[in-house]
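Following: one structure in structure tokens, then a few remarks.
Chain identifiers are assigned alphabetically (A, B, ...) following the order of the sequence lines, protein sequences preceding nucleic acid strands; residue numbering begins at 1 within each chain.
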2 protein chains.
Amino acid sequence: MLSKKCKYAIHALVYLAERHGQGPVQIGEIADQQKIPKKFLEAILLELRNGRILNSKKGKGGGYYLQRNPEEINLTEVIRLTNGPIALLPCVSLNFYESCEECVNEKNCTIRTTFLTIRDETLKILSESNLSALVKKQKKDRK
Amino acid sequence: MLSKKCKYAIHALVYLAERHGQGPVQIGEIADQQKIPKKFLEAILLELRNGRILNSKKGKGGGYYLQRNPEEINLTEVIRLTNGPIALLPCVSLNFYESCEECVNEKNCTIRTTFLTIRDETLKILSESNLSALVKKQKKDRK
DNA sequence: GATTAGTCTACTAATTTTATAGGATTAACT
DNA sequence: AGTTAATCCTATAAAATTAGTAGACTAATC
């Protein structure tokens, strides 16, 4: 399951994507609207900034905004940054690869293929879920 | 990522599936062969037994064995028992459903569809991975 | 230079995961 | 009946991860 941090991150980003191009949005506003503990959100947004998803501006009129267009930010990136690997086994992870200690021999690991297939399917779906697509869906649902 | 408990469970079950029909296998043997801490494995096998995947026999000559044929035991069941929900969000889980606190309105939740699709694809792949299929793969790889 | 808003470091609390210890129970064999 | 070999059960502990908080610092604007 996704961590709260990750879910908070996704919701905050969708919120920011809705306001893309309208200047910085303050942490407090996002926290209030999305019901996220402010201090926790602060740390999360900082991580997203260091992960090159968000930019920030300090001082009056400052806040956070997307570093790229919404269609260029998808959920794989967000999840990797705030939740870790997408694969269910370390030995089939693209970005967080580690050999399984409990695997006697990796190449012939019985369960590897299954989880490799799952990873590929999951990545496919997640990479189609970019912020632009999510915002579009949201607007449609609100009607 | 899957917990160690879950990975241990899967490896133990594949081991037992290989020996299906040859009488009970002792915890100690499985622990040694699969490099699993014995006491931890004990607890895991007990859970699998309570989950109606394994049967056990006490006393001398006792041990664990599959409660059903290998083709009738698939990874969805094993993962749910030893790792929890397969879905990435509680609100799209079949067996562990909970509404998301952080969702303002569930029906129109922006990200729900994405994770519903992932759950369905994952379930499909996992349910095809039954113990019989995994053992077959293993035998083929060993050649 | 006062105000406003993000930045950074460091901590704490709660929860979950990964075990381990030790005795109770059951079955088989002599 | 007694010994041995195995699982069953309860309780606990250590380690890791997650969730959240506090407070001083820095930069931008007016």
Side-chain angles (χ1 to χ4, degrees), chain A residues 1-12 16 23-32 34-67 79 81-85 88 90 96 98 100-102, chain B residues 1-12 16 23-32 34-67 79 81-85 88 90 96 98 100-102:
Chain A
M1 302 271 271
L2 298 183
S3 62
K4 284 199 170 188
K5 181 162 90 169
C6 181
K7 289 191 266 183
Y8 289 156
I10 295 173
H11 284 114
L16 286 173
V25 181
Q26 291 147 34
I27 297 176
E29 181 187 331
I30 306 172
D32 284 351
Q34 299 296 311
K35 291 176 192 167
I36 304 171
K38 195 187 163 191
K39 267 291 181 183
F40 195 21
L41 180 60
E42 213 176 289
I44 295 168
L45 295 180
L46 211 52
E47 254 186 86
L48 294 171
R49 181 180 165 276
N50 294 332
R52 295 162 197 280
I53 290 177
L54 293 180
N55 263 333
S56 60
K57 202 186 162 195
K58 282 184 174 181
K60 196 169 183 180
Y64 280 96
Y65 55 98
L66 301 183
Q67 199 170 116
I79 291 178
L81 214 53
T82 59
N83 200 72
L88 291 174
F96 298 83
E98 270 179 61
C100 289
E101 311 163 38
E102 45 278 332
Chain B
M1 302 272 272
L2 298 182
S3 63
K4 284 198 169 188
K5 182 162 91 170
C6 181
K7 288 190 268 184
Y8 289 157
I10 294 173
H11 284 115
L16 286 172
V25 181
Q26 291 145 35
I27 297 176
E29 181 187 334
I30 307 172
D32 284 352
Q34 299 296 310
K35 293 176 191 166
I36 305 172
K38 194 186 164 192
K39 268 290 181 183
F40 195 20
L41 181 59
E42 210 177 293
I44 295 168
L45 295 180
L46 212 52
E47 253 185 88
L48 293 171
R49 182 181 164 275
N50 293 333
R52 294 162 196 280
I53 289 177
L54 293 179
N55 262 335
S56 60
K57 201 187 165 198
K58 278 187 174 183
K60 199 170 181 179
Y64 281 95
Y65 55 98
L66 300 185
Q67 199 170 116
I79 292 178
L81 213 53
T82 59
N83 200 72
L88 291 173
F96 297 83
E98 268 179 63
C100 290
E101 311 162 38
E102 46 277 333

Exercise. Out of C:dA27, D:dG20, C:dA19, which has the shortest distance to the side chain of B:Tyr8?
Worked result: C:dA19
Exercise. Is the shortest heavy-atom distance from the side chain of B:Leu2 to the side chain of B:Tyr8 under 4.5 Å?
Worked result: no
Exercise. Hey, does A:Ile27 reach any base, or is it just sugar-phosphate, or nothing, if we go heavy atoms under 4.0 Å?
Worked result: sugar-phosphate
For this session: When you get a sec, tell me which of C:dT18, D:dA19, D:dC8 is the closest nucleotide to the side chain of B:Leu46?
Result: D:dC8
Exercise. What is the nucleic acid contact for B:Gly63, judged by heavy atoms within less than 4.0 Å: base, sugar-phosphate only, or nothing?
Worked result: sugar-phosphate
Exercise. If you find the nucleotide of DNA chain C closest to A:Gly61 and the one closest to B:Phe40, which residue's nucleotide is nearer the 5' end?
Worked result: A:Gly61
For this session: Indicate yes or no: at least one non-hydrogen side-chain atom of B:Ile27 is less than 4.5 angstrom from one of B:Ile30.
Result: no
For this session: Could you tell me the separation between the CD1 atom of B:Ile44 and the P atom of C:dT20, rounded to a whole number of Å?
Result: 11 Å
Seminar exercise, completed: Against the side chain of B:Gln26, the closest entry in D:dA6, C:dC8, D:dC9 is D:dA6
For this session: Return the nearest nucleotide to the side chain of A:Lys58; candidates are D:dT21, C:dA27, C:dT7.
Result: C:dT7
For this session: Using atom CG of A:Asn55 as one end and atom C1' of C:dT7 as the other, report the distance to the nearest whole Å.
Result: 14 Å
Exercise. A:Gln67 versus A:Asn55: any side-chain heavy-atom pair under 4.5 Å?
Worked result: yes
For this session: State the NZ-CD distance between B:Lys38 and B:Glu29, to the nearest 0.5 angstrom.
Result: 12.0 Å
Problem set entry | Listed nucleotide nearest any side-chain atom of A:Pro37, set D:dC9, C:dT7, D:dG20 | D:dG20
Problem set entry | Of B:Tyr64 and A:Gly59, the one whose closest DNA chain D nucleotide lies more 5' | B:Tyr64
Seminar exercise, completed: Nearest heavy-atom approach of B:Leu81 to B:Gly51 is CD2-CA, 3.6 Å
For this session: From the options C:dA19, C:dT20, D:dT29, select the nucleotide whose nearest atom is closest to the side chain of B:Lys39.
Result: C:dT20
Exercise. Roughly how many Å is it from CE in B:Met1 to C1' in C:dT17, rounded to a whole number?
Worked result: 14 Å
Exercise. Which whole-number value in Å describes the distance from B:Asn50 CG to D:dC8 P?
Worked result: 8 Å
Seminar exercise, completed: When rounded to whole Å, the CD to P distance for the pair A:Glu42 and C:dC8 reads 11 Å
Exercise. So, is B:Arg49 close to the D:dT7 phosphate, meaning a side-chain N or O under 4.0 Å from OP1 or OP2?
Worked result: no
Exercise. Reckon B:Ser56 has a side-chain N or O less than 4.0 Å from the OP1 or OP2 of D:dA6?
Worked result: no
Exercise. Between atom CG in B:Asn83 and atom C1' in D:dT17, what is the gap in whole Å?
Worked result: 15 Å
For this session: Using atom CG of B:Leu45 as one end and atom C1' of D:dA6 as the other, report the distance to the nearest whole Å.
Result: 13 Å
Seminar exercise, completed: The nucleotide from D:dA19, D:dC8, C:dA19 with an atom nearest the side chain of A:Lys5 is D:dA19
For this session: State, with a plain yes or no, whether a side-chain heavy atom of B:Val25 is found less than 4.5 Å away from one of B:Tyr64.
Result: no
For this session: Can you figure out which of C:dC29, C:dT7, C:dA19 approaches the side chain of B:Lys60 most closely?
Result: C:dC29
Problem set entry | Nucleotide D:dA19, atom P - distance to CG of A:Leu2 in whole Å | 10 Å
Problem set entry | Distance below 4.0 Å between B:Lys57 side-chain N/O and C:dA28 OP1 or OP2 | yes
